[in-house]
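Everything below concerns the one structure shown next.
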Amino acid sequence: MEQDFYRDEFEQMLRDTTEDFKMYPSRKVWYSIYNNFHPDRKWPSLAICLLLLTAILYIGVSNNNQISRKARTAFDTTTQSENNSPTTDNVAASDPGYSHSRSVRIAANNLPGLSNQGLTANPLIAVLNARESSNGGDVAFDAYIGMPAVTNSDIVISSPAKRINDRNPGNLLSNSSAATAKINATTITEDVQPSVPIPSLTETTAITANADASRKPGSIFNSTEHTNLMAWMENDAFYNLRHPGKWKAKLSVQYYITPSIGYRELYKSHDFEPATSLVQSTNVSEEEVINQQAAINLEAGFGLVLRASKSLRLKSGLQFNVTNYVTRAHALKHPTQTSVMLADLNNGIAMPQAYSSEYGNVLGSNYTSLNNRTIQLSVPVGADYKILGNEKISWFVGATVQPTFIVGGDAYLISTDLKNFAQDNKMLRSFNVNTALESFISIKGPQNLQLSVGPQLRYQLLSTYTKQYSYTEKLYNLGLKLGITRKL
Amino acid sequence: MTEELMLAGSINNNAAAQEEFYNRFSPRMLGVCYRFAKNREDAEDMLQEGFIKVFTQLHQYRNEGSLEGWIRRIIVHTCINILKKNKKFSESVDLIHAKSIHIREELIPSIMQAKQVVECIRILPMGYRTVLNLYAIEGFSHREIGKMLDIEESTSRSQYTRAKAMLEEILVRKNIIQKPRKNSLGATPSS
């Protein structure tokens with residue numbers, strides 16, 4: 001059938017075209033097959049890998065950068081003995097990052113093993129500097145080698161100068177009586193372009209290409225050169241050494257909590273202008289009539305402290321406050337209609353607004369406690385000043401201004417006739433400003449922590465209520481602040 | 001290395017002989033796997049498993065037919081077993097009921113014809129592709145295909161018919177083959 005012919009042709013075409021189709025697999029396929037049939041061959045490879053890893057680890061550990069005090073002492077001894085020898089000169093140089101340093105200046109052609117360091121022919125000057133860290137736990141040895149050029153009696157290492165950093169003192173100085181410095185210059189860490197010239201040498205013969213190998217290093221120095229060399233070392237160390245972040249070193253993070261007793265100050269608002277005909281003259285003050293008590297308040301927060309100077313610290317952060325005071329009232333059996341003077345914000349005229357009250361301002365033994373609570377979030381910004389003290393214990397005074405957001409709370413308004421309380425939380429301001437004054441003792445604790453404890457007074461600058469309400473209320477609390485400060 | 005030496009060495013687990021054996025036959029076998037697999041990585045996995053079986057069963061080879069044909073059958077069975085194990089085939093069987101299947105022709109590279117044809121085959125749904133590979137290229141009967149894939153012989157036939165029609169359409173669109181002209185009787189004339 002014709003269709004069969006075509007069908008066979010189609011299939012034949014498929015077979016013919018795919019017959020020669022080849023793809024070349026990756027080698028990992030063969031390796032997998034090989035390992036499947038020759039598993040025993042894996043073990044020598046694994047053993048060699050383990051051996052190599054062990055060797056690398058051993059070499060790394062035995063040649064680590066930690067310099068023990070003993071090693072440093074050996075170095076000191078060596079340099080000291082070299083100090084006594086007239087053939088070697090040691091210069092003490094200060095270094096911002098290290099407590100003290102010694103430097104030795106030697107003719108570079110006394111240094112073996114330098115030919116393969118990529119320097120041009122006859123490097124002539126080497127400056128060797130040993131630096132110890134301020135905590136005494138680390139010693140660094142730097143050798144500066146380069147081609148010097150004489151310019152106006154100054155000697156400048158021409159570009160690029162090689163800086164060789166080797167932390168093993170044994171590799172840098174030998175204990176040989178000849179006091180010839182040996183540098184194992186196998187570790188070149190960076191190329192340094194010194195930006196300041198090396199102090200001048202008075203004896204120019206020291207920089208000749210064919211300096212006598214027996215010439216003792218250091219005999220070319222005089223005191224002026226020593227001073228200049230020291231200054232150069234300091235300058236170079238300052239600009240070339242890596243310093244920790246300027247700001248990070250001064251920053252600390254502080255966590256604190258302040259339980260306190262909170263109260264309020266209540267008085268008629270001065271900005272309030274009630275309609276004259278509605279004024280009820282009374283000789284009784286609100287403070288005398290309203291029965292209220294202090295209550296527990298709480299403050300908790302965290303922030304950053306920046307050490308601006310030895311005595312001054314700037315601080316800011318985020319803080320959470322719960323303020324409260326208690327008003328005693330009498331729970332009414334039935335809600336009572338009352339009125340509260342509220343101002344019309346458009347014209348400033350106060351008019352009585354009707355409210356339904358469930359609490360009467362009646363003094364008696366059977367009372368209900370109304371919690372006038374606010375929940376606040378604030379961003380304190382302020383400073384602490386150290387009055388006296390040392391590193392371990394200090395006395396500070398501090399102050400903050402705290403823009404505050406009131407996120408919730410309960411407000412009980414006194415009625416116009418002072419006989420009832422009406423609850424209206426909408427009368428609470430959503431934004432306020434608080435200030436805090438504090439005085440605390442700061443004690444240095446373990447693990448670089450600072451513990452602080454001391455009293456704090458917090459005062460609210462703006463009224464708790466909006467301008468609609470006829471009364472102004474200012475909250476304040478007095479508490480004990482406990483804090484922990486930790487360096488970043 | 002002659003084929004006999006290579007065969008004998010591979011049976012004796014000689015690594016060099018096995019490597020020679022593998023290098024000689026792996027390119028074509030990977031091409032076979034590639035037609036069945038979803039991607040190159042899967043194809044290499046099939047190849048690896050297939051050659052492990054080849055070396056394991058090499059002592060059973062009786063010189064009946066070509067060695068390459070014998071290896072190819074093992075490789076094809078390995079591919080099918082992997083597809084069944086990974087359920088890649090059974091999921092696509094439902095596609096035979098699909099009314100329309102969108103073919104992404106932009107996936108087909110414009111290179112030599114063999115690879116073009118293979119890529120066109122790989123575009124087909126897995127079920128269609130497998131049956132087409134087994135019947136049209138590997139030469140299995142529908143009965144054998146039914147046993148291998150655990151389907152009915154009639155299902156194999158219907159899947160092959162649909163697969164072939166789809167492949168024809170793809171190859172015509174890509175100008176790899178010319179569209180067959182039908183005569184007045186509705187039959188397609190031979191070329």
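Sequence lines set the chain letters: A, B, ... in the order given, protein chains first and strands last, and positions in each chain run from 1. Note that the structure is a prediction, hence the values are computed from the model and not measured.
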Mark yes when over 12 heavy atoms from residues, nucleotides or ligands other than [X] sit less than 6.0 Å from its [atom1]; otherwise mark no.
X: B/Leu67; atom1: CG; result: yes
X: B/Lys53; atom1: NZ; result: yes
X: B/Glu152; atom1: CD; result: no
X: B/Arg143; atom1: CZ; result: no

* If only atom types and distance count, is the side chain of B/Glu44 paired as donor or acceptor with the main-chain N or O of A/Ser26 below 3.5 Å? -> yes
Quick one: pull up [atom1] in [X] and [atom2] in [Y] and give me the separation to the nearest 0.5 Å.
X: B/Met29; Y: A/Lys22; atom1: CE; atom2: NZ; answer: 10.0 Å
X: A/His38; Y: B/Asn14; atom1: NE2; atom2: CG; answer: 7.5 Å
X: A/Phe21; Y: B/Ile121; atom1: CZ; atom2: CD1; answer: 9.5 Å
X: A/Asn36; Y: B/Gln48; atom1: CG; atom2: CD; answer: 8.0 Å

* Asked: Does some side-chain heavy atom of A/Asp20 sit less than 4.5 Å from a side-chain heavy atom of B/Arg28?
  -> yes
* Are any of the side-chain heavy atoms of B/Leu30 and A/Val29 separated by less than 4.5 Å? -> no
Taking all heavy atoms of [X] and all of [Y], pick out the closest pair and write down the distance.
X: A/Pro25; Y: B/Tyr22; value: CG-OH, 3.2 Å
X: B/Pro27; Y: A/Tyr24; value: CG-CE2, 3.5 Å
X: B/Asn13; Y: A/Phe37; value: ND2-O, 3.3 Å

Which bit of [X] is near chain A, if near means a heavy-atom gap under 4.5 Å: side chain, backbone, both or neither?
X: B/Glu49; answer: neither
X: B/Phe55; answer: both
X: B/Asp45; answer: neither

* To do: Take A/Arg27 and B/Glu19 through the salt bridge (Lys or Arg N to Asp or Glu O under 4.0 Å) test and state the conclusion after the steps.
  => CA-CA 11 Å; A/Arg27 285 305 285 172; B/Glu19 188 171 1; 2.8 Å; yes
* Asked: Under a 4.0 Å N-O cut-off, is there an ion pair linking B/Glu41 with A/Lys28?
  -> no
* Among A/Met13, A/Met23, A/Arg15, A/Glu19, residue most engaged with chain B (heavy-atom pairs, under 4.5 Å) -> A/Met23
* To do: Sort and list the pairs that fulfil salt bridge (Lys or Arg N to Asp or Glu O under 4.0 Å) and have at least one residue in residues 120-138 of chain B, not counting sequence neighbours.
  => B/Arg35-B/Glu138, B/Arg72-B/Glu138, B/Glu119-B/Arg122
* To do: Report the C-alpha distance between A/Trp30 and B/Gln18 in whole Å, list the side-chain angles of each, state the deciding distance to 0.1 Å, and finish with yes or no for side-chain contact (heavy atoms from CB on, under 4.5 Å).
  => CA-CA 10 Å; A/Trp30 165 245; B/Gln18 284 174 331; 3.9 Å; yes
Contacts table for residues 76-83 of chain B: side-chain donor-acceptor under 3.5 angstrom, sequence neighbours left out:
unit_1, atom_1, unit_2, atom_2, d
B/His77, ND1, B/Arg73, O, 2.8
B/Thr78, OG1, B/Ile74, O, 2.7
B/Asn81, ND2, B/His77, O, 3.2

* Step by step, would you call B/Leu167 with A/Leu14 a side-chain contact (heavy atoms from CB on, under 4.5 Å)? -> CA-CA 10 Å; B/Leu167 182 61; A/Leu14 288 180; 3.8 Å; yes
